[in-house]
Amino acid sequence: ILLAPMIKDGVETILGVHRDPVFGPMIMFGCGGVMVELFKDVSFASAPVTPARAQRLIDSTQGSKLLSGWRGDTPKDRAALVDAICCLSDLVIAADNIEGVDINPFVVRENGAVALDAVVTTRNKTSDL
């Protein structure tokens, strides 16, 4: 049984990792929840991701406007989002058995952010015997 508080405010985003066979771990950011399927507004950056690259990753999506206080809403905590993207990048660099990560939704609030659902897939390492 998992009990979690209801989150009523914030912007739903998606964070993810895809391990590309050529480029290595790719970090994904975009509109989350059902919007990811509807608008397909996501961008990718190769890991490792610095805070400056995380900002550019966020800004490369149309949904980033929702974080700035769209239509009178309060601005959301971009620093918490940048930190989460960088931590996800650090994680996938450190754990080379992670094949993919899907955090959706990752809700960015006025103060802080919270992951509401996440799936992590791993790959089996084969030994060279």
Side-chain angles (χ1 to χ4, degrees):
I1 296 174
L2 172 66
L3 297 176
M6 292 294 293
I7 302 294
K8 295 181 177 158
D9 63 328
V11 173
E12 289 187 357
T13 65
I14 185 170
L15 302 180
V17 171
H18 168 73
R19 193 172 294 274
D20 185 87
V22 174
F23 298 107
M26 300 295 293
I27 307 301
M28 177 188 65
F29 168 77
C31 287
V34 297
M35 292 186 297
V36 70
E37 297 167 11
L38 180 63
F39 297 120
K40 297 178 182 14
D41 183 24
V42 297
S43 291
F44 291 87
S46 60
V49 176
T50 63
R53 287 188 67 216
Q55 286 282 6
R56 288 193 301 272
L57 180 65
I58 295 164
D59 291 339
S60 68
T61 65
Q62 289 295 313
S64 67
K65 296 172 187 164
L66 296 172
L67 300 168
S68 301
W70 181 256
R71 299 195 65 153
D73 196 10
T74 58
K76 305 308 180 225
D77 193 343
R78 287 178 68 103
L81 177 57
V82 166
D83 187 49
I85 291 170
C86 291
C87 286
L88 183 59
S89 173
D90 291 345
L91 172 68
V92 74
I93 292 291
D96 67 348
N97 67 323
I98 293 177
E99 185 67 27
V101 177
D102 182 11
I103 305 170
N104 184 24
F106 183 79
V107 178
V108 185
R109 305 177 77 194
E110 186 176 348
N111 293 299
V114 62
L116 298 183
D117 191 10
V119 175
V120 178
T121 55
T122 59
R123 59 183 172 180
N124 291 333
K125 290 187 173 184
T126 57
S127 60
D128 296 330
L129 294 178

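Hydrogens, waters and symmetry mates are skipped; everything else that's a heavy atom, side chains included, is used.
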Does Q62 offer a backbone N or O that forms a donor-acceptor pair with the side chain of D41 under 3.5 Å?
-> yes

What distance do T61 atom OG1 and L66 atom CG have between them, rounded to the nearest 0.5 Å?
-> 8.5 Å

Between A84 and F106 the two heavy atoms that sit nearest each other are CB-CZ, 3.4 Å

Heavy atoms only: give me the nearest C31-I14 pair and the separation to one decimal.
-> O-CG2, 3.3 Å

Report whether L15 and M35 are members of the same hydrophobic cluster (ILVMFWY, side-chain heavy atoms less than 4.5 Å apart, transitive linking).
-> no

Connected via hydrophobic side-chain network under 4.5 Å: I58 and V17 | yes

Which heavy-atom pair separates A47 from I93 by the least distance, and what is that distance?
-> CB-CD1, 3.8 Å

Between V49 and D90, is any pair of side-chain heavy atoms under 4.5 Å apart?
-> no

same_hphob_cluster(M28, V107) at 4.5 Å side-chain heavy-atom cutoff = no

Is there a donor-acceptor pair closer than 3.5 Å between any side-chain N or O of D77 and the backbone N or O of N111?
-> no

Going from NE2 on H18 to CG on D20, what distance comes out if it is rounded to the nearest 0.5 angstrom?
-> 5.0 Å

Looking at V114 and R109, what are the two nearest heavy atoms and their distance?
-> CG1-CD, 4.4 Å

Measuring from I103:CD1 to L116:CG, what's the distance to the nearest 0.5 Å?
-> 10.5 Å

What's the shortest heavy-atom distance between N104 and G33, and which atoms?
-> OD1-N, 2.6 Å

Under 3.5 Å, side chain of R19 to main-chain N/O of R123, donor-acceptor pair present?
-> no

When clusters are formed by joining ILVMFWY residues with side-chain heavy atoms under 4.5 Å apart, either directly or through shared neighbours, do I98 and M26 land in the same one?
-> no

Heavy-atom pair with the smallest gap, counting every atom of K76 and V11 | CG-CG2, 3.8 Å

The reported gap from SG in C86 to CZ in R53 (rounded to nearest 0.5 angstrom) is 9.5 Å

Which of these passes side chain to side chain contact (heavy atoms under 4.5 Å, CB included) with F29: V82, L88, L81?
-> L81

Given side chains that start at C-beta, do those of E99 and T121 come closer than 4.5 Å, heavy atoms only?
-> yes

List the steps and the verdict of side-chain contact (heavy atoms from CB on, under 4.5 Å) for I27 and V92.
-> CA-CA 9 Å; I27 307 301; V92 74; 4.0 Å; yes

Less than 4.0 Å between a side-chain N and a carboxylate O, is that true for R78 and D59?
-> yes

Shared hydrophobic cluster, V101 / L57 (ILVMFWY, side-chain heavy atoms < 4.5 Å) | yes

Gap between atom CG of D117 and atom CG of D102 - 0.5 Å precision = 7.5 Å

Looking at CG of D83 and SG of C87, how far apart are the two atoms once the value is rounded to the nearest 0.5 Å?
-> 4.0 Å

